[in-house]
Amino acid sequence: MELEHALKKYTGYTSFREGQEEIIRDLVSGRDVVAMLPTGGGKSLCYQLPAYLLKGAAVIISPLLALMEDQVAQLKMNGEKNVIALNSFLDYEEKQKALSRLSDYRFIFLSPESLNSAAVIKALKQIRVGLLAVDEAHCISQWGHDFRPDYSLIGEARQMMNEAPCLALTATATSDVVSDIKESLHIPDAAQHLHSVNRPNIAMFVKEVSGLEEKLGQLSYYVRSLKGPGLIYCSGRQWTEKLSAFLKEKGVSRTAYYHGGMEKEQRMLIQQQYLNGQLDLVCCTSAFGMGVNKQDIRYVIHFHLAARMDAYLQEIGRAGRDGMPAAAITLYDREDIQLPLFMIEKEFPAEDELKAFLSAEEDSLSPRLVIEETHERFILHHLRFLDDLTREEKEEAIRRKINERQQNKTEKLMNMIKWYSTDVCKRTGILNYFGEGTLRPDFDKYCCSSCGADESFYFESSHTDQHKHDQENHWRSELGRMFKVSEPIVQKP
DNA sequence: CGTTAATCTAATACTAGATTAACGGTGCTGTATT
């Protein structure tokens, strides 16, 4: 009906992809929406079309500069000129100019940090905002509490946007992440368009190892056996470099590493080569992922464990986006828990550090005490809400916040450890953890290591092409059955 | 807490072994006012 007409008029598409129409319909009728769409499932259309149908500009919050630039380029390519990304790529003059004629733009891209800057707030107050979209909205839950606190302030900023409908978009929203998002954005009554977190075509294997030597042995075995392309997640930057060198030595060429400490151009190059199929394998930290839209990743190996279930799901979820079988393998060493435990400790200011910082802060003459950037930001962020308190009260309040966050993170880590250690079906474990029902048990063969799935099914086949062909056909029929079961949408009780 | 790189020491001439220090993830960002 009229939505399809608008779709054709503004984008040239003739029909919606699954899930898009309901989301857009809700937004256009003024409702807030939390939506989950698989990557590559046409997420950007969900804010682009409403931007044309609603009065006013669409403000889109994006976590990475690279993602912002991609979106801007895409819109411009489609002939939309009234697009701007208000970020640090603009110099002072360009930014002033853009802010002074902000009402000319239909699409305004912002990082949560820019959204919080005084100049941007002032300019936004003077225009009409028709839609607020938060892309990769799981970042609110993942980063908003500590690493990038500005993510937790989007809800406040929303108040100056004349109650424009709010769209939170993500590819993996577990139920606790969804409630976190709704609370943070102050959209308790948002319509939810969610799918199950289950990915039936990804088989999960947890392989217990003991010691580095055995782990490296297993890694080299799997990388040489599995059908690629693949991805290896590890916990440190140095590890990514070491593993890629190690694997090259073992004869796996076309391997590269990727982490947040590399030059931007180098990062882009690796990502691009991987996307183009010029690389078979990338050893990476958690920096690699968002914006990587590759359909045919066949396996993800965790060389180190993931500290949280939602992070784990996101990382393995990069495999098998084409719907074809893929494998997620964790090389689990009990000793590995020490590193994430330590990270949780180190991420927040220590007690004496907090004390010293606050007393230096109180004395306006002394220069600000130099502490780690993330620690400082955490303290300053929480100080914003504690203006009228004495120093002791402030200290106490922030200490409580730190404890709260550390407990929360430790608890999530422990749940993960339980999941790694148990013999119960891995898939059932995940679904139960997120309050979804248990799965029908007839995919055992392709389910997980606990169900006795056969890892060799994911190996590079040495069979003839005919065999390969048979196997793929076999998979198609099998998948048909699977997706029937993966349809149901998560309901809030 | 565990791994790795850097420095030290001992007994003897260049290297082996021991002790210590450093490091460990994710990314955005100008700013006060007439």
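All chains are named by letter (A, B, ...) in the order of the sequence lines, taking the proteins before the strands, and each is independently numbered beginning at 1. Every value quoted in this text rests on a predicted model; they were computed, and no experiment measured them.
- If you take atom P in B:dT29 and the same atom in B:dG25, they sit 23 Å apart, rounded to whole Å.
- Between A:Lys346 and A:Tyr92, the residue anchored closer to the 5' end of DNA chain B is A:Lys346, taking for each the nucleotide with the nearest heavy atom.
- Syn is the classification of B:dG30, since its glycosidic angle stays within 90° of 0.
- At whole-Å resolution of the value, CZ in A:Arg377 and P in B:dC28 are 11 Å apart.
- Judged by the 6.0 Å distance and 45° axis criteria, A:Lys294 is positioned over the aromatic ring of A:Tyr274.
- Listed nucleotides: B:dG27, B:dG24, B:dT29. Nearest to the side chain of A:Leu339: B:dG24.
- Nucleotide B:dT34 is matched to nothing when pairs are restricted to Watson-Crick or G-U wobble geometry with both distances under 3.5 angstrom.
- Here B:dC28 is the nucleotide among B:dG25, B:dC28, B:dG27 with the atom lying nearest to any side-chain atom of A:Ser114.
- Each of B:dG25, B:dT29, B:dG30 was ranked by its minimum atom distance to the side chain of A:Glu347; first place goes to B:dG25.
- Between A:Lys122 and A:Leu86, the one whose closest nucleotide on DNA chain B sits nearer the 5' end is A:Leu86.
- The side chain of A:Phe342 sits closest to B:dC1 out of B:dT29, B:dT26, B:dC1.
- Heavy-atom contacts from other residues, nucleotides or ligands closer than 6.0 Å to CE of A:Met268 number 12 or fewer.
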So which protein nitrogen or oxygen atoms get under 3.5 Å of nucleotides 2-6 of chain B's nitrogens or oxygens?
unit_1, atom_1, unit_2, atom_2, d
B:dG2, OP1, A:Glu335, OE1, 3.3
B:dT4, OP1, A:Lys242, NZ, 3.3

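- Base pairing annotation: B:dT20 forms a Watson-Crick or G-U wobble pair with B:dA5, both donor-acceptor distances under 3.5 Å.
- Here A:Phe147 packs flat against the base of B:dT26; its ring centre is closer than 5.5 angstrom to the base's six-membered ring, tilted by less than 30 degrees.
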